[in-house]
Enquirer: 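Pasting in a structure now, in structure tokens, and then I'll have a few things to ask.
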Amino acid sequence: MSEIPKAYEPQAVEEKWYQFWLDQKCFVADPARVNEKRPAYSIVIPPPNVTGVLHMGHVLNNTIQDILARKARMDGKEVLWLPGTDHAGIATEGLVSKQIWKEEKKSKRDIGREEFIKRVWKWKEKHGGIIISQLKKLGCSCDWTRERFTMDADYLRNVQRVFVDLYKKGLIYRGKRMVNWCPATQTALSDEEVIMKEQKASLYYFKVEVAESPLTPSFSPSGGEGARRAGEGDSPPGGPVTDAEGHVWLTIATTRPETIPGDTAVAVNPKDKRYAHLIGKHVLRPLPSELPREQKLIPIIGDEHVDFEFGTGVLKVTPAHDKADFEIGQRHKLPTIDIMNPNATMNALAGKTLAGLDRFEARIAAVELLRELNALEKEEPYVNNVGFSERADVPIEPRLSEQWFLKYPSVDKARACVEQEDDSVGRASSRAACAQDSSSTASPSQKMRFFPQRWARVYGHWLANIQDWCISRQLWWGHRIPVWRKRVRLTEANSTEELLKWGWDDFVKGNWEKDANKNPDELTFIRIFRVTDGKEVDPKAESLMPIVRETEGDYEIFAATLSSKLAKNLEACGFTHDADVLDTWFSAWLWPFATMGWPERTGTLKKFYPTTDLVTAPEIIFFWVARMIMAGYEYMGEMPFKNVYFTGIIRDKLGRKMSKSLGNSPDPLDLIGKYGADAVRFGVMRSAPLGQDVLFDEQQVELGRNFCNKLWNACRFRQMVGSAGSSIEGEIDPALLTSDDKWILLRLDQSIRELTTALAEYKFNEAAQTLYRFFWSEYCDWYLEASKAVLSRPASETSSSPLTGERAGLEGKNVPGQAGATPPHPGPSDVELRNSPTANLLPLPARNERGEGRGEGNLQQKHSSSPRPSPP
RNA sequence: GGGCGAUUGGCGCAGUGGUAGCGCAGCAGCUUUACACGCUGUGGGUCGGGGGUUCGAAUCCCUCAUCGCCCACCA
């Protein structure tokens with residue numbers, strides 16, 4: 001206790017205490033300890049990608065969670081902060097593929113599925129834990145004994161269980177649809193994985209000839225003269241052009257001339273007077289130019305979707321390569337011509353010049369071809385929005401393919417559970433008011449709350465316009481879809497035998513739904529589709545079993561099952577396992593309960609679900625938050641969390657988003673090395689106002705470091721003047737308190753209140769400010785300075801005062817210095833303060849019954865909070 | 001094209017009807033025996049523009065502007 005370094009040296013102190021807490025199992029949650037006096041508090045970490053490396057966003061996010069967790073521990077709650085990582089399908093697969101390519105010049109296909117997955121696991125074992133160790137460096141007080149991974153055996157099982165269940169419920173279906181196809185990773189993506197980017201492109205105008213021209217004499221081209229302004233249905237100038245020989249030409253504007261070979265119609269708006277008379281006629285598609293005339297004919301159709309104003313008012317329709325065009329195609333029963341390969345090179349249908357070219361090369365080539373054909377009229381620069389694959393950062397290609405889709409479950413409940421602005425007034429600050437508000441139908445206390453609340457509307461809006469979720473991915477790393485399929489010809493003669501071979505005695509007897517409750521691990525569901533019309537067949541209703549002559553034919557059988565025995569059997573009978581894996585979010589959406597032992601009703605689940613707070617970034621509100629809420633209702637019958645705090649986005653001090661390419665994203669570990677984790681955390685918290693982006697500036701961290709140093713030195717001072725620590729444990733005699741003492745105690749009390757309120761409202765920057773102000777300006781600048789004067793006098797009867805103040809300060813703040821400089825006392829505890837006379841001397845904060853109001857200290861340091869070595 | 005935020009001294013923020021606050025930075029002094037990662041003192045803003053309501057507006061209403069997000073099938 002004698003040699004205290006003059007300046008705070010965070011590394012040694014932080015490591016020492018973190019290890020101490022781990023040794024003492026301070027972060028381990030035990031559901032058995034939860035009772036009325038010791039309520040549960042829980043958070044599940046937003047699992048970072050296994051490929052992840054700690055960045056400032058993680059720092060922000062996890063510091064907030066840590067503060068909440070430590071605060072809850074100080075309030076005497078049993079705290080579970082459950083950590084883990086996400087297998088991050090596309091990201092991980094891409095990373096390992098790249099590595100293998102670099103080292104062995106082999107693609108994943110060269111290596112083969114099984115071996116590839118082995119390699120990914122190997123990679124995961126070696127590098128996957130990095131972010132976890134980094135979170136520990138940051139000081140996160142997670143219960144590391146419960147670390148989970150979305151590919152753990154039991155988690156995998158849960159994912160499959162949910163899949164089979166939803167399949168059985170009819171919410172999962174297979175469909176041939178337009179999907180977002182990533183040509184780089186060659187998989188489908190959900191809408192949420194596509195980000196729009198502005199692209200400088202060109203708008204190409206090319207002309208096509210109307211096949212039926214010259215037209216009958218009654219036709220008079222409208223050419224754009226006679227500008228009648230008023231009235232509905234007025235068309236802009238322009239329109240078909242008739243040449244000297246009477247041939248009529250249409251001009252079409254497009255950004256994607258390379259898709260012309262895939263055009264199967266040309267569309268105009270039926271209300272467009274310039275073109276309406278041409279509907280039903282045909283044009284000659286210019287590409288591929290080598291085709292005979294009759295194969296170039298495509299119809300002119302009328303569709304409301306076409307905008308008069310845009311381009312020339314004539315739209316080329318490419319149903320195989322554009323979402324909107326696909327829909328037009330559906331409406332008009334147009335054929336589709338897929339002219340691309342999965343890697344977005346052109347295939348033979350694109351014509352001999354384009355075949356084999358990449359789509360962007362093909363664009364240039366197509367323009368060239370049009371020019372040669374004399375069909376290109378002009379080219380103008382144009383800026384449009386192009387969807388990019390979020391992961392691979394290449395333009396996605398709308399592509400027609402067969403995928404698995406999910407109709408979201410429990411949507412209504414998910415919508416209703418989130419409190420909207422008009423649900424109740426004056427909330428967070430006055431919880432009492434909430435309880436009395438009986439005007440709203442749903443009980444406000446039952447509602448989930450978003451902070452800041454405006455996200456609730458965004459959430460509601462998305463749910464109201466929700467589209468089915470494409471959940472299959474053409475990847476290898478992930479949860480494989482537990483479906484086996486086979487096409488069989490069923491005849492009266494073979495059917496019974498065939499099915500018996502599969503081991504489905506029950507099915508043969510007509511029991512098509514095995515009782516899942518009897519053995520959940522056998523959960524199985526079969527769907528049968530008639531090949532001729534694609535319709536699903538109800539085997540019971542249509543007496544497929546036994547089969548009768550009228551129902552003989554080809555059937556596609558899908559068996560979704562959890563039973564590995566059955567799966568083996570099916571494979572032996574020629575069934576093939578679906579090759580796709582599930583979207584990563586299809587596992588992540590189960591996170592809050594799948595990590596807690598579900599489907600067992602474990603003690604953990606009983607005590608810690610629903611979780612208390614979720615802290616996450618707003619960019620994954622749809623990806624993750626919304627889906628977790630739905631899954632929560634569907635499988636737990638309850639919301640997965642009570643409060644959701646949306647952090648801001650970390651930006652640099654110029655307000656730019658942090659990104660690798662800009663190089664403006666500091667490495668948090670460098671910062672931790674330089675200033676200490678507490679400094680980094682404090683710095684980030686100081687600039688993290690609720691609902692606003694965080695403008696990060698290293699200067700803030702410096703400030704945090706200074707603050708830690710201030711705390712450290714206040715302790716040093718106390719050690720130097722104190723009489724060997726005798727009084728820190730002793731009673732305070734109210735009679736000895738000076739007015740200074742009383743003042744600082746009062747300020748302490750007020751600060752604690754402010755801090756508690758700030759934290760209850762998730763105003764972390766205000767909490768940080770309060771700490772800073774109290775400790776620095778009031779305690780150090782005022783009170784310690786004042787005490788110096790007192791100390792310089794004969795010490796006898798005044799000796800208690802600085803100590804009291806010191807103690808108050810420490811207890812308010814939980815100083816790192818204290819932790820480091822004194823023997824492994826678990827840090828000054830709030831319990832101590834609560835039991836001390838100090839508490840009785842002051843107008844106490846209006847504490848709620850749970851004893852909130854004492855524990856603010858965790859704000860900046862992990863040192864600070866809570867290490868109570870053993871449970872009470 | 002819709003929706004949502006933001007706009008207060010150089011920077012980051014607070015302030016929701018009564019004559020503008022905090023921190024940082026700045027500047028000027030300080031080797032004052034806890035801390036120069038410090039101490040003391042100090043300058044600096046017509047609260048984005050315009051209009052309105054009011055005795056009175058940063059604060060309420062309208063409008064415009066700039067910046068930023070999110071959603072949307074305009075080729």
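Throughout, protein chains are lettered first and strands after them, A, B, ... in sequence-line order, and every chain is numbered starting at 1.
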Enquirer: Donor-acceptor pair under 3.5 Å: do we get one between A/His461's side chain and the base of B/rC70?
Expert: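 Side chain to base: no pair below 3.5 Å.
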Enquirer: In whole Å, what separates the C1' atom of B/rC62 from that of B/rG44?
Expert: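 To the nearest whole Å, 33 Å.
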Enquirer: Do A/Asp263 and A/Thr318 have a side chain donor and acceptor closer than 3.5 Å?
Expert: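 Side-chain D/A pair, A/Asp263 to A/Thr318: present.
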Enquirer: Grab the CG-C1' distance between A/Asp781 and B/rC35 for me, whole Å please.
Expert: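 Rounded to the whole Å, the gap is 11 Å.
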Enquirer: Please report the distance separating the P of B/rG49 from the corresponding atom of B/rG9, rounded so that it comes out in whole Å.
Expert: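 Nearest-Å result for B/rG49 against B/rG9 at atom P: 11 Å.
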Enquirer: Measure from NZ or CZ of A/Arg627 to the centre of the six-membered ring of A/Tyr408, then state whether that distance is under 6.0 Å and the direction lies within 45° of the axis.
Expert: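 So A/Arg627 doesn't make the cation-pi contact.
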Enquirer: Just the rounded figure in Å: distance from P of B/rC11 to CD of A/Glu698.
Expert: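 After rounding, the gap between these two atoms is 20 Å.
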Enquirer: Quote, to the nearest angstrom, the P distance that separates B/rU7 from B/rG38.
Expert: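 Nearest-Å result for B/rU7 against B/rG38 at atom P: 30 Å.
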Enquirer: So which nucleotide does B/rG1 pair with, by the Watson-Crick or G-U wobble rule with both distances under 3.5 Å?
Expert: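 Base partner found: B/rC71.
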Enquirer: With respect to the side chain of A/Phe622, which nucleotide from B/rC35, B/rC74, B/rC70 is positioned closest?
Expert: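 Of B/rC35, B/rC74, B/rC70, B/rC70 is nearest to the side chain of A/Phe622.
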Enquirer: Which base sits across from B/rA6 as a Watson-Crick or G-U pair, both distances under 3.5 Å?
Expert: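 Across all strands, the one nucleotide that pairs with B/rA6 is B/rU66.
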Enquirer: Sort out the partner of B/rU54 for me: Watson-Crick or G-U wobble, both distances under 3.5 Å, none otherwise.
Expert: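 Across any shown strand, B/rU54 pairs with none.
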Enquirer: I want to check one thing: is the phosphate of B/rC39, taken as OP1 and OP2, less than 4.0 Å away from some side-chain N or O of A/Trp776?
Expert: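 Result: yes.
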Enquirer: Can you measure A/Asn385 atom CG to B/rC74 atom P for me and round it to whole angstrom units?
Expert: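 In whole Å, B/rC74 P lies 8 Å from A/Asn385 CG.
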Enquirer: Examine B/rC39: is either OP1 or OP2 under 4.0 Å from a nitrogen or oxygen in the side chain of A/Lys710? Give yes or no.
Expert: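 The answer is yes; a side-chain N or O of A/Lys710 sits under 4.0 Å from OP1 or OP2.
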Enquirer: If we take the C1' atom in both B/rC13 and B/rA25, what is their distance in whole Å?
Expert: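 Roughly 14 Å separates the two C1' atoms.
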Enquirer: Do A/Leu278 and A/Val268 make a side-chain contact, defined as non-hydrogen atoms from C-beta onward lying under 4.5 Å apart?
Expert: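 SC-SC contact between A/Leu278 and A/Val268 ruled out.
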Enquirer: B/rA58 and B/rC47: how far apart are their P atoms, nearest whole angstrom?
Expert: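 It comes out at 7 Å once rounded to the nearest Å.
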Enquirer: Look at all strands and tell whether A/Val306 reaches a base, only sugar-phosphate, or nothing, counting heavy atoms closer than 4.0 Å.
Expert: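 A/Val306: base contact, heavy atoms under 4.0 Å.
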Enquirer: Look at the side chain of A/Val458 and decide which nucleotide, out of B/rC70, B/rA75, B/rG12, has an atom nearest to it.
Expert: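 Ranking B/rC70, B/rA75, B/rG12 by closest atom to the A/Val458 side chain puts B/rC70 first.
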Enquirer: With both distances under 3.5 angstrom, what nucleotide forms a Watson-Crick or G-U wobble pair with B/rG29?
Expert: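 Partner of B/rG29: B/rC39.
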Enquirer: Is a side-chain donor-acceptor pair under 3.5 Å present for A/Lys378 with A/Thr251?
Expert: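 A/Thr251 vs A/Lys378: no donor-acceptor pair found between side chains.
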Enquirer: Using whole Å, report how far CG of A/Asp678 lies from P of B/rC37.
Expert: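 From A/Asp678 CG to B/rC37 P: 19 Å.
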Enquirer: Taking only the side-chain heavy atoms of A/Ala714 (C-beta and beyond), determine which of B/rC4, B/rA75, B/rA34 contains the nearest atom.
Expert: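 The closest nucleotide is B/rA34.
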Enquirer: So, A/Glu377 versus A/Tyr204: side-chain donor-acceptor pair below 3.5 Å or not?
Expert: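 No.
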Enquirer: If we take the P atom in both B/rG41 and B/rC24, what is their distance in whole Å?
Expert: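 It works out to 13 Å between them.
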Enquirer: Strictly by Watson-Crick or wobble contacts shorter than 3.5 Å, is anything paired with B/rC47, and which nucleotide is it?
Expert: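 Across all strands, not a single nucleotide pairs with B/rC47.
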Enquirer: Of the options B/rC73, B/rU40, B/rA75, whose atoms approach the side-chain atoms of A/Ala324 most closely?
Expert: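 Nucleotide nearest to A/Ala324's side chain: B/rC73.
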Enquirer: Which value, in whole Å, describes the distance between the C1' atoms of nucleotides B/rU40 and B/rU8?
Expert: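 B/rU40 and B/rU8 have their C1' atoms separated by 29 Å.
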Enquirer: Under 4.0 Å from OP1 or OP2 of B/rA75: is there any side-chain N or O of A/Tyr382 that close?
Expert: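 The answer is yes; a side-chain N or O of A/Tyr382 sits under 4.0 Å from OP1 or OP2.
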Enquirer: Using the P atom on both, measure B/rG29 against B/rG12 and round to a whole Å.
Expert: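 One P to the other, the span is 29 Å.
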Enquirer: Looking at every strand, decide which applies to A/Arg686 at a 4.0 Å heavy-atom threshold: base, sugar-phosphate, or nothing.
Expert: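 Result for A/Arg686 = sugar-phosphate.
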Enquirer: Just to confirm, is there a sub-4.0 Å distance from OP1 or OP2 of B/rG38 to any side-chain nitrogen or oxygen of A/Asn706?
Expert: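 So the side chain of A/Asn706 is within the cut-off, an N or O lying under 4.0 Å from OP1 or OP2 of B/rG38.
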Enquirer: A/Tyr772 or A/Thr255: which one's nearest nucleotide on RNA chain B is closer to the 5' end?
Expert: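 Looking at the nearest nucleotide for each, A/Tyr772 comes out on the 5' side.
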Enquirer: Can you tell me the distance, in whole Å, between the CD atom of A/Glu327 and the P atom of B/rA75?
Expert: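 Nearest whole value for this atom pair: 15 Å.
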Enquirer: I need the single residue from A/Asp322, A/Asn269, A/Ile328, A/Val266 that forms a side chain to side chain contact (heavy atoms under 4.5 Å, CB included) with A/Leu315. Which is it?
Expert: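 Single pass found, and it is A/Ile328.
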Enquirer: Does the structure show a Watson-Crick or G-U wobble partner for B/rA34, both distances under 3.5 Å? Name it, or say none.
Expert: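 For B/rA34, the partner nucleotide comes out as none, under the 3.5 Å rule.
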Enquirer: Any chance the side chains of A/Thr757 and A/Glu754 put a donor and an acceptor closer than 3.5 Å?
Expert: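 Short answer, no.
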Enquirer: Tell me what A/Leu703 touches on the nucleic acid: a base, only sugar-phosphate, or nothing, going by heavy atoms under 4.0 Å.
Expert: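 Since only primed, P, OP1 and OP2 atoms lie under 4.0 Å of A/Leu703, the category is sugar-phosphate.
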Enquirer: Quick one: is the NZ or CZ of A/Arg177 closer than 6.0 Å to the six-membered ring centre of A/Phe405, and within 45° of its axis?
Expert: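 Yes, cation above the ring, under 6.0 Å and within 45°.
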Enquirer: Provide, to the nearest angstrom, the distance between the CH2 atom belonging to A/Trp455 and the C1' atom belonging to B/rC69.
Expert: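 Checked: the CH2 to C1' distance equals 7 Å.
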Enquirer: I'd like to know if A/Arg716 reaches the base of B/rC35 with its side chain such that a donor and an acceptor end up less than 3.5 angstrom apart.
Expert: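 Answer is no: no donor-acceptor pair is held.
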Enquirer: Any idea which of B/rC37, B/rC70, B/rC74 is nearest the A/Arg705 side chain?
Expert: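 Out of B/rC37, B/rC70, B/rC74, the nucleotide with an atom closest to A/Arg705's side chain is B/rC37.
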